[in-house]
Structures are given as structure tokens and as C-alpha cells.
Amino acid sequence: MRSLYSRVFLITLATVIFSSLAGFLVSNIYYHMKLKPFNDEKLVKIAVNMKDYVEDHQADAKAYLRSTADLGYEMLLVSRQGQELSYGSPFREKDLAPESLQMVLNGQIYHGVAHFPNTPFVTGFFDNTLRNTIGVPVTLNGERYALFMRPDVVLQFGELRIFFALIGGLAVVFSVAAMLLSTRYLVKPITRLTEATKRIAQGSYDMVLPVRRRDEIGQLAKHFSTMSRELERAEQARQEFVANVSHEIQSPLTSIQGFAEALLNRDLPREEYEHYASIINEESRHLSILSKQLLLLSSLDQASEGLHKKKFNLRSQLRQVVQVMEWQLGEKDIALKFEVPADIEVNGDEVLLSQVWMNLVSNAVKYIPEGRSIHLKADLTGDRCVVRVTDTGDGIAEDQLPYLFDRFYRVDRARERASGSSGLGLSIVKKIVSLHEGTIEVESSSSGTTFKVSLPLL
Ligand code: ADP
């Protein structure tokens, strides 16, 4: 695997090479398009000055040309007969076309610098060929010469070139070195995050991540920590759930086992025999309810898209629930006030929502003393319908309210377990309501409890 570190290094190197090339090409194009004519014009002025001086001081002409060459020029003086006198460093190539020479000997100025061909990888500025010069006609001792000149860039800019080359080279070296260091700084937190993912996979959630950084890596680390906390919480909840389920199954099984053993005693009086058998019957019934509720919860956990939604009338559904509960209501002498408008149509899973109302009403019946009352009320508020199940029980202590919808939570653990309560009813209710994108709230005081379910109509 190529590491991120070497990848960044290679990309930086490629970037440096590419930008240097691009920089060179662009400045060369700029020279060819903009600077070349200026350079030509400037050099023509100097060459004409030289010509004027040489023609005015013919006796010192050669000495003048020599000392001018020492100042940083390359020159070639050509006679009509083709004799050449070179001043300063020699030209790399004497590639001048004969007609150009002829043109100067005939009295015209040769603009080799301005007409130097545009080639992307040859900088006209530095190319010391005879073609890349300015040519002026010079008359010495009555004879016509052609004087070709161009600046000697080695002499004029020798140290400057080394200086600039050094700046360029060092800039590359330093930027690569700085990039190597900064890449390490960039890559390190990613390596730490990778380590963290491995540790999470092994089930260890404690980790120190660079969450204080205010850049993308900091963001990533922050989201990663949140995710790890969520995973930890989910893992804890899963373990707790498994422990609860085992406990809930274990207690009735122990009691069934104990009473079944007692039943094996042949000398048991009839009364006790019946009592033990009825306990076994009761405990098996609780186990059966528990397993049904667990199955329902597990199918709800996976059912977010599997709701069988359709439109149905809320009033007739709530009526059916009350009919089913009729017997229990009568048993505890509980009066039920029914206040549901006839025209509320709800779009939802009919079977699951029926389970919601059933759980809420049966809880009210179960947990309030005999002779009290229940009020079942529904309203339309905007695009939602609100169903309230209010009882006149003794209420639930305020500190218990936050846990009411937790799985296996019972207010009076021992007593309610004995009465077959599993503590799953409200968590099933909450799950179904949130699958319908609704909310459930509970309010309670010493004079009663209200569960308020709000569901979107569409
Ligand atoms: P279960 O299915 O065992 O009835 P729930 O999850 O439905 O459990 O309820 C959790 C706890 O909330 C119950 O153990 C009970 O103590 C309390 N509770 C629920 N509804 C009411 C109510 N209407 N009045 C008083 N207590 C209630």
C-alpha cells in the first residue's frame, strides 16, 4: 500500500516540477510576446550610439569596441569582403542568413532580437547566437562594415543568474522539506483515527482524538468520537437488554421448575396441587406474553420501512379497543368517558396503532385503584391528531417519568413483576409512535396520569 505520506510527497514534487515548467513557459511566452520588441528597440538605440561613436572617433574605434565588449556586450564586425573581427565572448553559433548581412552592409538595421523565432523551450533573451543580434551599418575609413551586437548575459547577469538559480533551487528544497514535515503533521491524526477504528472494532471505546482542531480533521475526529460514544451506548444497551431478557425468562422458569418438582410429590394435598399448577399456568402465560412482546419489539426495530400504512377511522378503532377492554373495566368498576370526533381519519399501520391504544388503556385499567375513571379523548390540531388517555389514578412519581418508556422499566419492580407485568408495554408504544413520526408525552400528578400521543395525519 502506498502511504498517504509518500503520496503527498510525490504530489508535492510533481506540483513543484509542473509549476516550475509552467512558470518557465509562461514567462517565455511573455518575453516573446511583450518584452522582445522592447528589448530590440533598446538594443537598437545602444547599437546606433556605438555606430555614431565609432564613426566619429575612427582612430579609437577598435579600442572603444573592446572596452564596450568588456562592459558586457558581444560584437562582431564584418567587412564587405567577409573579414570578421570579434569583440567580447564569441557567439555560440554564427547562423546569420547571408541576406541579413547583405541588408546591413546595404545600410539597413537588422532586428534579429525582435524577429527571433518563438520557441517554447528556448529563451530568446539568453540565446547568444549571431541570428539573435542587432545589426547596424558602420562606415570606417570609407569602407562599409556590419556591426552585430547583443548583450553578453553571462557577463551582465552572471552572478545574478547564479543568485536566482540558487533562490529557485533552495525554494524547491525548502518547500519539499517543509511539505514533508507538514504532511507528517497532517497524516498523524488520520493515523490516530485509523488506530481508533481498529480499537472500536475490538470493542474498546476509550480514545483520545484531536477533536480540538478546528479544521476538517477536527470535524472528522469530533464526528468519530460521537459515533464511538453512540456505539458504546448501543453496545451497553444491547448487553443490558440481553441481561434483562435472561433475567425476565429466568425468574418464571425457576418458579415453574420449583413448582413442577413439588407437583411430583404424590402425597400433595389436592388444594396445594391445584395451587402449584395454577402458578405454573400463570408463569407460562407470562412467559408467552413476554416472548410475544419481545418478538414484536424486534420486528419493530427492523420495521422502519415495513409499516403497512392505510387510512382508517380513528373513532371506530378506539371504540373496538374499548369493547375489548369492557370486561376488565367492569371487573374494576372503572367508568370510561369516550370523547372522539367521528371524522378523524388517520394514515398509519392499523394493527400497530391499535396496539398503542390497547397498551395505554390497559395500563390505565391495571395501575389505577378500583372505582376510578378513564377519559379517552381525541382532537385535531392542524395537521396532527392528538389522542389523550387520562386516568384518575394515584399518579407516577416525577422522578420515575423519564424512565417510563425504557425497556423492562417498572415503577414497582417486585410487585408488578409478580403480577405479570414485563415493563415492555410503553417501550412498544413509544417505538410504534415514533415509527409513525409521532410523539408521546406523559404528565402525572397525585390525581392522575395523562399519556398524550400526537400523530401526523398524512
Ligand atoms: P407493562 O407492560 O408491564 O405494563 P409498561 O411499559 O406499560 O409496562 O409500563 C411501565 C410502568 O409504568 C409500569 O410498570 C407502571 O408502573 C407504570 N405505568 C404505566 N402506565 C401507568 C398509569 N396509567 N398509571 C400509573 N402507572 C403507570
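Each ligand, and each atom within it, is numbered from 1 in the order the structure gives. These numbers were taken from a predicted model, which means no experiment stands behind them. Atom set for the values below is all heavy atoms of this structure, side chains included, hydrogens, waters and symmetry mates excluded.
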Between N128 and R150, is a side chain to side chain contact (heavy atoms under 4.5 Å, CB included) present by the stated rule, with each step listed?
CA-CA 8 Å; N128 72 331; R150 57 166 279 108; 3.7 Å; yes

Under 3.5 Å: donor-acceptor pair, side chain of K366, backbone of S421
no

Please work out whether any backbone atom (N, CA, C, O) or any side-chain heavy atom from C-beta onward of Q400 is under 4.0 Å from ligand 1, and answer side chain, backbone, both or neither.
neither

Quick note on ligand 1: atoms under 4.0 Å from a heavy atom of L404 include exactly 12 (O)

Is the side chain of S354 donor-acceptor paired with the backbone N or O of E350 at a distance under 3.5 Å, no angle test?
no

Regarding ligand 1, does Y367 bring an N or O atom to under 3.5 Å of one of the ligand's N or O atoms?
yes

With V453 as partner, the option from I432, L353, V389, L360 fulfilling side chain to side chain contact (heavy atoms under 4.5 Å, CB included) is L360

Could you check which of I396, D394, N363 puts a non-hydrogen atom nearest to atom 27 (C) of ligand 1?
I396

Should you measure from each heavy atom of Y409, which atoms of ligand 1 turn up under 4.0 Å away?
10 (C), 11 (C)

Ring-face cation contact, F338 with R319, 6.0 Å cut, 45° max:
yes

Enumerated ligand 1 atoms positioned under 4.0 Å from heavy atoms of D391:
22 (C), 23 (N), 24 (N)

Could you tell me if R407 sits above the aromatic ring of F241, with its cationic atom closer than 6.0 Å to the ring centre and no more than 45 degrees from the axis?
yes

Within the 3.5 Å criterion, strictly below it, is a donor on Y367 or D394 matched to an acceptor on the partner's side chain?
no

Could you tell me, atom by atom, which parts of ligand 1 come under 4.0 Å of a heavy atom of L424?
2 (O), 6 (O), 8 (O)

Is any N or O atom of S422, backbone or side chain, closer than 3.5 Å to an N or O atom of ligand 1?
yes

Between ligand 1 and N359, can you find any atom pair, the residue atom being a heavy atom, that is separated by under 4.0 Å?
no

Would F91 and F148 count as a close aromatic pair, with their ring centres under 6.0 Å?
no

Within the structure, is a non-hydrogen atom of G393 found at a distance of less than 4.0 Å from ligand 1?
no

Only one of T449, N363, V429, V411 passes side chain to side chain contact (heavy atoms under 4.5 Å, CB included) with L404, and that residue is V411

Need the ligand 1 atom indices (1-based, order shown) with element for anything under 4.0 Å from a heavy-atom of K366.
1 (P), 4 (O)

For G423, the ligand 1 atoms whose distance to one of its heavy atoms is below 4.0 Å
1 (P), 2 (O), 3 (O), 6 (O), 8 (O)

Is a donor on one side and an acceptor on the other found under 3.5 Å between the side chain of N347 and the backbone of L457?
no

Where ligand 1 meets S421 - atom numbers and elements under 4.0 angstrom, heavy-atom basis
1 (P), 3 (O), 4 (O)

So is F451 in contact with ligand 1, going by heavy-atom distances below 4.0 Å?
yes

Once you restrict to heavy atoms under 4.0 Å, what part of V411 touches ligand 1? Side chain, backbone, both or neither.
both

